[in-house]
A.B. asks: 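Take a look at this one; I'll ask things after.
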2 protein chains.
Amino acid sequence: MNLKELSQSLGLSQTTVSRALNGYPEVSPATRARVQEAAKTFNYHPSNRAKGLATGKALAIGHVIPVSDKHEMVNPVFGDFIAGAGETYARHGYEMILSIVDDSDEEKVYTSLKSRRAVDGVVVHGPRMNDPRIPLLNDLGLPFAVHGRASGCTLPYTWLDVNNRHAFLRATDFLYDLGHRRIALINGAEFMDFAYRRRDGYEAALQAHDICVDPALMRSDEMTEDFGYQSTTDLLGQNDAPSAIMCSSLISALGARRAIEEAGLVMGKDVSVITHDDDLSYLQNGGDIPIFTATRSSVRYAGRRLAEMLLAAIADPLQPPQNELLEAELMVGRSTGPAPRKE
Amino acid sequence: MNLKELSQSLGLSQTTVSRALNGYPEVSPATRARVQEAAKTFNYHPSNRAKGLATGKALAIGHVIPVSDKHEMVNPVFGDFIAGAGETYARHGYEMILSIVDDSDEEKVYTSLKSRRAVDGVVVHGPRMNDPRIPLLNDLGLPFAVHGRASGCTLPYTWLDVNNRHAFLRATDFLYDLGHRRIALINGAEFMDFAYRRRDGYEAALQAHDICVDPALMRSDEMTEDFGYQSTTDLLGQNDAPSAIMCSSLISALGARRAIEEAGLVMGKDVSVITHDDDLSYLQNGGDIPIFTATRSSVRYAGRRLAEMLLAAIADPLQPPQNELLEAELMVGRSTGPAPRKE
DNA sequence: AATCAAACCCAAAGCGCTTTGAATTCAATT
DNA sequence: AATTGAATTCAAAGCGCTTTGGGTTTGATT
């Protein structure tokens, strides 16, 4: 069923039917009701494609998901983020189109999305420091919103981020207050902006307490379970081992716990752990009492919200870029305790 | 830059340019080269939308992701599956469009995708027993491919599945051979087809050895870490506790391990665990030696392959539905060992 | 009864592409 | 030189929608 058929079956012109359906005022309430009724019974849905051609809008938002060439790794937060964004799009009648793309030719994809007029805007995932995609999208004139920020990019753009620096600063402080002085950091790959900021917060907290930052206590890579395990095993094995560990992801923290237990130690007693927790639906941080003390921020909420910000920017291209900085909650769980006294 | 502008700048008609670009034979090699050259320098990409309107093809595949209304949970395998499928689409010039949808109104989404001609086909995720989506899509005449199968659906359709029954049968056998007689099952929600089949394999193995199936040893729900933890704590607490556990997902297995250790037991010695492992990029089952003995099958490969099957079905609508049954590998890790002797 | 807004409705153009059916060119054949 | 047919190229229609720029009815006002 298309517009033509629908309008013929109603004995009206396509114009009138189109207007009735799209809420234009120049059609009588009676006619509008009749049209809507018919659309429902015939199960008529306008073709997005044709609509897009006619209006110049694509009614679609692109998400370009970079897959690291190194491990072919898909960021595990991605599913929840997308789910959040999807809710927003559904509510506004937008489609979400996804491109899975090798790190290396991500830029081509943006150019192509733009020139094919396939989307009205894009969401940028996993921003890095000085991320070249931001000036690129700016030049292309394709509306975009960034999940995170890119240190070093001066031009204004729409973003939503967790206050990673502050979260890790607070968490490190919290460990300090518990008496910990040797605090390790198991971080994401530090060309990623979020990881850079977390380290910055961690270092700032240490320096504020006159603890010198020890590179031997810092690790940084893609945040897999195994990376958490290896790093922790390694850290605990060295002399003057840390009594506490800051960890950038719950998945790596699970690996850290594995290493701690395998070393015959008890987490929360011999070694304290704080992790960042993205509040993923399938990876809840324990039940009533969190397993891990954590800095928590829902990535799903972030998806929902960032999508709204992007749609708003598209609807009103003149408004200045919006920004939103979310504070992570610091949830106390069972993985932290007072620093053990040295024997 | 659009076709019209491109053709004007070349002094050719739109027809010729279109044909040159799409590889039709009735254009001279010289002209074709000239056109391709110009397309490259002007960075011309045809609008998918217009192309779709003209050809009736959407050049897009829909993925409808159900989000369980219960926990708003996004299946964690989803990211890797999508990544696999995305590779295939990129190679064939298709877009992937994603709808995140409440369990409840998933059917509406299919109808709407169809009537808006938004996609050329869809991938069905998370099939259940007697899944109503399969006859629905069949009636709609919308090409589709199922990741998994739906027991009880008699009509033929395209699917790709892991041989879940066989995998769990073999794994249970393996535990039996190690001397285990009380073997528990921590399964996914059993209205899901894969979970049903796994249980079937598990039970078949037990019965083949004249072990009676004990409902007290079986748990079934959405496979979160916490579910694995709670179930295992529970199982180990009862009298005549199991000496081995079959687990339906690596994430729940992590929870199981947590419970085992918290109970002061050693995994692989006091309690053996075998889990299914989807080979997710961010959740590798250990490094060189797997943490868990596991039935393994790459969900990313599944995505890549199923997408190919769907595209093939779309390209040739007359071919009979293809099916592919993948056998899971049984990887021996450190989580299994001989059954402890009873004191 | 003539006038004039409102209110309602419509025909047709246009969005960027493919494709049909026809026209043109040109070398080879009669 | 006229004919033919293959090789090229083109103009125009059409895909399903929105939107412009009118029309035609009304019913109230003069």
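All heavy atoms count here, side chains included; hydrogens, waters and symmetry mates do not. Nothing here was measured: the structure is a model prediction, and the numbers come from that model.
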A.B. asks: Go nucleotide by nucleotide along DNA chain C from the 5' end; which of A:Leu12 and A:Ala54 gets its closest nucleotide reached first?
C.D. replies: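 Here A:Leu12 is the residue nearer the 5' end.
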
A.B. asks: Decide yes or no for B:Asn130 and B:Phe191: does some side-chain heavy atom of the first lie under 4.5 Å from some side-chain heavy atom of the second?
C.D. replies: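 SC-SC contact between B:Asn130 and B:Phe191 ruled out.
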
A.B. asks: Under the side chain to side chain contact (heavy atoms under 4.5 Å, CB included) rule, what do B:Trp159 and B:Val124 come out as? Steps first, then yes or no, please.
C.D. replies: CA-CA 9 Å; B:Trp159 55 257; B:Val124 173; over 6 Å; no

A.B. asks: Using a 4.0 Å heavy-atom cut-off across all strands, classify B:Ser18 as base, sugar-phosphate, or nothing.
C.D. replies: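 If one applies the 4.0 Å heavy-atom cut-off, B:Ser18 turns out to touch a base.
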
A.B. asks: Chain B on DNA chain D: first and last contacting nucleotide, 5' to 3', under 4.0 Å to a heavy atom?
C.D. replies: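 Boundary nucleotides touching chain B, in 5' to 3' order, are D:dT8 to D:dG16.
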
A.B. asks: Quick one: sort the A:His125 and A:Phe81 rings into parallel, tilted or perpendicular, breaks at 30° and 60°.
C.D. replies: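 Correct class here is perpendicular.
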
A.B. asks: For B:Leu53 and C:dT19, what is the distance between atoms CG and P respectively, to the nearest whole Å?
C.D. replies: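 Taking atom P of C:dT19 as the reference, CG of B:Leu53 is at 13 Å.
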
A.B. asks: Apply side-chain hydrogen bond (donor to acceptor under 3.5 Å, both in side chains) to the pair A:Thr15 and A:Ser18, showing each step before the final yes or no.
C.D. replies: CA-CA 5 Å; A:Thr15 309; A:Ser18 168; over 6 Å; no

A.B. asks: Check salt bridge (charged side-chain N to carboxylate O under 4.0 Å, His left out) between B:Arg149 and all other residues, then give those that pass, not counting sequence neighbours.
C.D. replies: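 B:Arg149: salt bridge (charged side-chain N to carboxylate O under 4.0 Å, His left out) contacts with B:Asp161.
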
A.B. asks: Using the ring-ring contact (aromatic ring centres under 6.0 Å, His included) criterion, which residues pair with A:Tyr282? Sequence neighbours excluded.
C.D. replies: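 Scan of A:Tyr282 (ring-ring contact (aromatic ring centres under 6.0 Å, His included), adjacent residues dropped) gives none.
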
A.B. asks: Mind checking whether B:Tyr89 and B:His63 have ring centres under 6.0 Å apart?
C.D. replies: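 Yes; B:His63 has its ring centre under 6.0 Å from that of B:Tyr89.
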
A.B. asks: Which part of the nucleic acid does A:Arg49 contact within heavy-atom distance under 4.0 Å: base, sugar-phosphate only, or nothing?
C.D. replies: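 Touches nothing.
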
A.B. asks: Any idea which heavy atoms bring B:His45 and A:Ser115 closest together, and the distance?
C.D. replies: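 Between these two residues, the closest heavy atoms are CD2-OG, 2.9 Å.
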
A.B. asks: Give, ordered by number, those residues of residues 22-38 of chain B having at least one heavy-atom distance below 4.0 Å to an atom of DNA chain C; if nothing qualifies, reply none.
C.D. replies: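 Contacts with DNA chain C under 4.0 Å: B:Asn22, B:Tyr24.
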
A.B. asks: On DNA chain D, compare the nucleotides closest to B:Arg19 and B:Ala50; which residue's is nearer the 5' end?
C.D. replies: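 Residue closer to the 5' terminus by nearest nucleotide: B:Arg19.
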
A.B. asks: Enter the distance from A:Ser151:OG to A:Phe194:CZ here, rounded to the nearest 0.5 Å.
C.D. replies: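 Here the interatomic distance stands at 12.0 Å.
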
A.B. asks: Among residues at least two apart in sequence or on other chains, which ones pass salt bridge (charged side-chain N to carboxylate O under 4.0 Å, His left out) with A:Arg305?
C.D. replies: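 Once residues adjacent in sequence are excluded, the partners of A:Arg305 under the salt bridge (charged side-chain N to carboxylate O under 4.0 Å, His left out) criterion are A:Glu308, A:Glu324.
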
A.B. asks: Report the residue from A:Leu142, A:Val146, A:Leu310 that forms a side chain to side chain contact (heavy atoms under 4.5 Å, CB included) with A:Val122.
C.D. replies: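 Output: one option passes, namely A:Leu142.
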
A.B. asks: If an axis is fit to five pairs at each end of the helix from C:dA1-D:dT30 to C:dT30-D:dA1, what is the angle between the two, to the nearest 10°?
C.D. replies: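 So the angle between the two local helix axes works out to 70°.
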
A.B. asks: Once you apply a heavy-atom cut-off of 4.0 Å, does B:Thr15 come out as touching a base, just sugar-phosphate, or nothing?
C.D. replies: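 The answer is base, as B:Thr15 lies within the cut-off (heavy atoms under 4.0 Å) of a base atom.
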
